[in-house]
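Inspection log for the structure reproduced underneath, given as structure tokens.
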Protein chains: 2
Amino acid sequence: MNQHANQKPDYEREMRRAGVRITRPRKIILQILGDTDDHPDAMEIFQRASAIDSSISLSTVYRTMKLLEGMGAIHRHAFDGGRARFEQASGEHHDHLIDIDTGDVIEFHSTKIEALQEEIARELGYDIMHHRLELYCRKRRKG
Amino acid sequence: MNQHANQKPDYEREMRRAGVRITRPRKIILQILGDTDDHPDAMEIFQRASAIDSSISLSTVYRTMKLLEGMGAIHRHAFDGGRARFEQASGEHHDHLIDIDTGDVIEFHSTKIEALQEEIARELGYDIMHHRLELYCRKRRKG
DNA sequence: TTCTTAATGCAAACGATTTGCAATTGCATT
DNA sequence: AATGCAATTGCAAATCGTTTGCATTAAGAA
Ligand SMILES: [Mn+2]
Ligand SMILES: [Mn+2]
Ligand SMILES: [Zn+2]
Ligand SMILES: [Zn+2]
């Protein structure tokens, strides 16, 4: 989620600094990612981008996602099912609850769980580089 | 893990009861899954099976994995990277720590984390159907 | 042993993602 | 503003893991 009224990171500046060109497709994709609250997949991003500039190709979407991921600007998620889904990396770490009926994604964060994970890894002699916690759920039935 | 000196579930009996035929390929794959401690992917299972009966096909491995998954006899994991990995479903629930350098998988279980997950889902109005907790780690450097 | 039908091997199809390549374009340079 | 060149693009073809159609084989009930 990125509408947390927090600072919008200036990726264009960062890209320029990295010697990466600011192209029309990249501007559009960046804008799409910045404007959304959800976790769209490449095809969804492609469609939203096509609405703005119909000449954009799916390949470019994929290439741009990879570029942005490498820059740390976005996170890639491999939730159950087909395609990878993306989200802007601004904001703090969080994990995801996925509604398996609607596909909705709800974000949450548990300091306690994060600490327990660290503890477990440490006891096993490891450092966590990254982790993934996904809760696949159904809306609770009344009563 | 299944070598926990616990009862070896009799899937052949269960399959017979379900009206599913006990074929030579299925016997072999079941034996492979029962004998291993790790989380092999379809290709690895195919290779181990081929060593026993070279006529087995990869398609049959995939079909059998799907059948066994449907029976609840195995779990399918989609760890980072290419192929799905499988493990016999005997034993209690556990989550995984993946050594990103070696690919090794270490199993762990945290009653506390499990409880916290439940609590989080409940507060959001959901019931957890299944979940996924994976810690991608590196061996801790000395000192 | 016979018979019916589920299960198999094979090759082709699949869906998501990546890649080779020729054409385009950002942008640093005049 | 015009130039030059490497980075980026669109397109089509390739890749990878997995699934599927179909003719053939083989469980296992009778
Ligand atoms: Mn998120
Ligand atoms: Mn396991
Ligand atoms: Zn987390
Ligand atoms: Zn768990």
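Heavy-atom distances under 4.0 Å link DNA chain C to Ser59(A), Tyr62(A), Arg63(A) of residues 42-64 of chain A, given in residue order. Residues from residues 71-86 of chain B that place a heavy atom under 4.0 Å from any atom of DNA chain C: there are none. Remark: nothing in residues 96-103 of chain B comes within less than 4.0 Å of DNA chain D through any heavy atom.
Using a distance-only test at 3.5 Å, with no hydrogens or angles considered, a donor-acceptor pair links the side chain of Thr64(A) to the main chain of Thr60(A). A donor-acceptor pair is defined here as one N or O able to donate and one able to accept, closer than 3.5 Å; no such pair exists between the side chain of Thr36(B) and the backbone of Ile32(B). A donor-acceptor pair under 3.5 Å links the side-chain atoms of Glu44(B) to the main chain of Asp41(B), judged by distance alone.
The ring pair (Phe, Tyr, Trp, His ring centres under 6.0 Å) contacts involving residues 99-132 of chain A comprise His93(A)-His109(A), His93(A)-His131(A), His130(A)-Tyr136(B), where partners must be two or more places apart or lie in separate chains.
By the side-chain contact (heavy atoms from CB on, under 4.5 Å) test, Ser54(B) pairs with no residue at all, sequence neighbours left out. Every residue meeting the salt bridge (Lys or Arg N to Asp or Glu O under 4.0 Å) condition with Asp127(A), not counting sequence neighbours, appears here in chain and number order: Arg140(B). In this view, Asp95(A) satisfies the salt bridge (Lys or Arg N to Asp or Glu O under 4.0 Å) rule with no residue, not counting sequence neighbours. For the salt bridge (Lys or Arg N to Asp or Glu O under 4.0 Å) test, no residue two or more places apart in sequence or in another chain qualifies with Arg26(B). Checked against salt bridge (Lys or Arg N to Asp or Glu O under 4.0 Å), Glu134(B) has the following partners two or more places apart in sequence or in another chain: Arg132(A), Arg132(B).
Rounded to whole Å, the distance from CZ on Arg16(B) to C1' on dA27(D) is 10 Å.
Rotation axes derived from the C1' atoms of the five outermost pairs at either end of the helix from dT1(C)-dA30(D) to dT30(C)-dA1(D) lie 30° apart, to the nearest 10°.
Across every non-hydrogen atom of His39(B) and Arg85(B), the tightest pair is O-NE, 2.7 Å. Taking both residues in full, the closest heavy atoms of Met65(A) and Ile45(A) are given as CE-CD1, 3.6 Å, listed atom of the first, atom of the second, then distance. Ala49(B) and Ile56(B) get closest at one heavy-atom pair: CB-CD1, 3.9 Å. Closest approach of Asp101(A) to Asp99(A), counting heavy atoms only: N-OD1, 2.8 Å.
Along DNA chain D, the nucleotide nearest Ile22(A) and the nucleotide nearest Thr23(B) are compared for position; the residue whose nucleotide lies closer to the 5' end is Ile22(A).
Using a 3.5 Å distance cut-off with no hydrogens or angles, the side chains of Ser55(A) and Arg24(A) do not pair a donor with an acceptor.
In the 5' to 3' direction, nucleotides of DNA chain C lying under 4.0 Å from heavy atoms of chain A begin and end at dA16(C) to dC27(C).
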Donor-acceptor pairs under 3.5 Å, side chain of residues 69-79 of chain B to any protein atom, not counting sequence neighbours: which ones?
from	atom 1	to	atom 2	distance (Å)
Glu69(B)	OE1	Arg76(B)	NE	3.0
Glu69(B)	OE1	Arg76(B)	NH2	3.0
Glu69(B)	OE2	Arg76(B)	NE	3.4
His77(B)	NE2	Glu87(B)	OE2	2.6

